[in-house]
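None of these values were measured; they are calculated from a predicted model.
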Amino acid sequence: MPFDHCAECRRCCYVEQDYPPLEISLTRNEKKKFGGICIETHCPNLGPTGCTLGDDKPFSCTLYPLAYDPEVRNFYYDIECPLMPEYIKQLKKEDSEAARHLAACKKEIARLEKSDGRFLAGNFAIDADYFDLKKLPIPRFGEGTKQ
């Protein structure tokens with residue numbers, strides 16, 4: 001299970017020294033709920049076993065290590081995330097944790113495309129600026145993939 005390692009690694013919840021703070025992009029509803037979340041050195045919601053927000057964490061955090069470009073409808077990933085080799089390998093299995101994660105992200109993205117497209121564009125702009133992204137080796141979103 002690749003995501004079991006997230007609580008150990010926590011790389012995505014830290015900002016390296018001498019890097020600017022990372023403002024977590026939030027959907028309209030998340031802005032009402034959280035106001036804002038900024039990682040200056042480490043995420044204020046990071047606890048000893050991972051995210052203290054659990055299932056209520058922002059979608060941009062749930063999406064990570066993936067990034068979605070709504071303009072070209074492609075998924076990318078942060079090449080520095082250590083779970084990505086296993087994640088990509090698991091995508092070949094329909095019932096894997098990675099395949100379920102991607103399917104859930106696709107479902108939420110489809111909803112956000114109708115209700116909060118501005119969030120998707122803004123989130124990708126932040127991801128593209130902050131992370132070293134590479135195209136995820138899957139067909140484009142919405143092209144009849146069964147995942």
Side-chain angles (χ1 to χ4, degrees), residues 1-16 19 22-34 36-39 42-147:
M1 298 303 208
F3 289 110
D4 290 345
H5 302 291
C6 292
E8 298 166 23
C9 173
R10 303 179 189 191
R11 182 195 163 308
C12 56
C13 300
Y14 283 94
V15 171
E16 292 180 26
Y19 278 79
L22 175 60
E23 186 71 36
I24 302 299
S25 54
L26 302 171
T27 65
R28 264 185 263 151
N29 289 339
E30 291 168 347
K31 284 179 186 174
K32 291 175 190 173
K33 186 177 191 174
F34 299 115
I37 300 173
C38 184
I39 302 175
H42 68 279
C43 182
N45 299 299
L46 181 60
T49 58
C51 183
T52 60
L53 297 175
D55 292 339
D56 288 333
K57 67 183 162 191
F59 180 66
S60 59
C61 296
T62 300
L63 182 62
Y64 186 85
L66 303 181
Y68 176 72
D69 182 349
E71 191 172 310
V72 295
R73 304 189 88 204
N74 281 329
F75 280 92
Y76 299 84
Y77 66 93
D78 178 2
I79 64 168
E80 293 186 23
C81 176
L83 76 83
M84 283 314 299
E86 178 63 22
Y87 188 99
I88 291 168
K89 181 179 165 187
Q90 280 194 18
L91 286 177
K92 296 174 185 169
K93 299 177 186 170
E94 191 174 325
D95 64 340
S96 69
E97 184 179 13
R100 287 190 303 273
H101 173 258
L102 181 59
C105 289
K106 285 180 177 183
K107 183 177 180 180
E108 182 63 8
I109 285 167
R111 189 187 72 72
L112 288 167
E113 284 180 325
K114 295 174 185 165
S115 66
D116 201 351
R118 208 175 222 175
F119 160 79
L120 292 172
N123 186 64
F124 184 71
I126 290 169
D127 287 350
D129 184 51
Y130 210 84
F131 302 114
D132 192 0
L133 299 176
K134 184 175 180 180
K135 190 172 182 285
L136 189 65
I138 59 167
R140 285 183 13 172
F141 182 71
E143 288 189 349
T145 58
K146 185 180 178 185
Q147 289 188 0

Quiz item: Which residues pass the side-chain hydrogen bond (donor to acceptor under 3.5 Å, both in side chains) test with Y64, sequence neighbours left out?
Solution: D78
Practice problem: Could you list the residues that satisfy side-chain hydrogen bond (donor to acceptor under 3.5 Å, both in side chains) with D116, not counting sequence neighbours? | Solution: none
Quiz item: Roughly how far apart are L83 CG and C12 SG, rounded to 0.5 Å?
Solution: 8.5 Å
Quiz prompt | Contacts of type side-chain contact (heavy atoms from CB on, under 4.5 Å), residue K31, not counting sequence neighbours | solution = L26
Quiz item: Using 4.0 Å as the upper bound for N to carboxylate O, is an ion pair formed by R100 and E97?
Solution: no
Quiz item: Quick one: ring pair (Phe, Tyr, Trp, His ring centres under 6.0 Å) partners of F119, sequence neighbours excluded?
Solution: none
Self-check item: side-chain contact (heavy atoms from CB on, under 4.5 Å) involving A128 - partner list, sequence neighbours excluded
Solution: F124, L133
Exercise. For side-chain contact (heavy atoms from CB on, under 4.5 Å), just list the numbers for I88 and L136, CA-CA rounded to whole Å, side-chain angles, deciding distance to a tenth of an Å, and then say yes or no.
Key: CA-CA 8 Å; I88 291 168; L136 189 65; 4.1 Å; yes
Exercise. Look only at the side chain of Q90 and the backbone of S96, and say whether a donor-acceptor pair between them is shorter than 3.5 Å.
Key: no
Quiz prompt | Closest non-hydrogen atom pair, P85 against P82 | solution = CD-O, 3.5 Å
Using atom types as modelled, flag every donor-acceptor pair under 3.5 Å from a side chain in residues 47-63 to any protein atom, sequence neighbours excluded.
from, atom 1, to, atom 2, distance (Å)
T52, OG1, N45, O, 2.9
S60, OG, S25, O, 2.9
T62, OG1, P58, O, 3.4

Self-check item: Distance in Å, E86 CD paired with L91 CG, rounded so as to fall on 0.5 Å steps
Solution: 10.0 Å
Quiz item: In Å and rounded to the nearest 0.5 Å, what is the NZ to OH distance from K134 to Y76?
Solution: 12.5 Å
Exercise. State which residues pass side-chain contact (heavy atoms from CB on, under 4.5 Å) with K92; sequence neighbours excluded, sorted by chain then number.
Key: none
Self-check item: Side-chain donor/acceptor of R28 to backbone N/O of S115, under 3.5 Å
Solution: yes
Practice problem: Could you list the residues that satisfy side-chain hydrogen bond (donor to acceptor under 3.5 Å, both in side chains) with E80, not counting sequence neighbours? | Solution: R11
Quiz item: Between H101 and Y87, how do the two ring planes meet: parallel, tilted or perpendicular, split at 30° and 60°?
Solution: perpendicular
Quiz item: So how far is it from L102 CG to K106 NZ, rounded to the nearest 0.5 Å?
Solution: 4.5 Å
Quiz item: Rounded to the nearest 0.5 Å, how far does CD of E113 lie from CD of E108?
Solution: 11.0 Å
Quiz item: Which pair of non-hydrogen atoms, one from M84 and one from P65, has the smallest distance, and what is that distance?
Solution: SD-CG, 3.3 Å
Practice problem: Kindly compute the distance separating CZ (F131) from CD1 (I126), expressed to the nearest 0.5 Å. | Solution: 9.5 Å
Self-check item: Derivation of the side-chain contact (heavy atoms from CB on, under 4.5 Å) call for E23 and C38
Solution: CA-CA 4 Å; E23 186 71 36; C38 184; 3.5 Å; yes
Quiz prompt | Contacts of N29 that satisfy side-chain contact (heavy atoms from CB on, under 4.5 Å) - sequence neighbours left out | solution = T27, K32
Practice problem: Please assess Y68 against R73 for the test side-chain contact (heavy atoms from CB on, under 4.5 Å), listing each intermediate value before the final yes or no. | Solution: CA-CA 7 Å; Y68 176 72; R73 304 189 88 204; 3.5 Å; yes
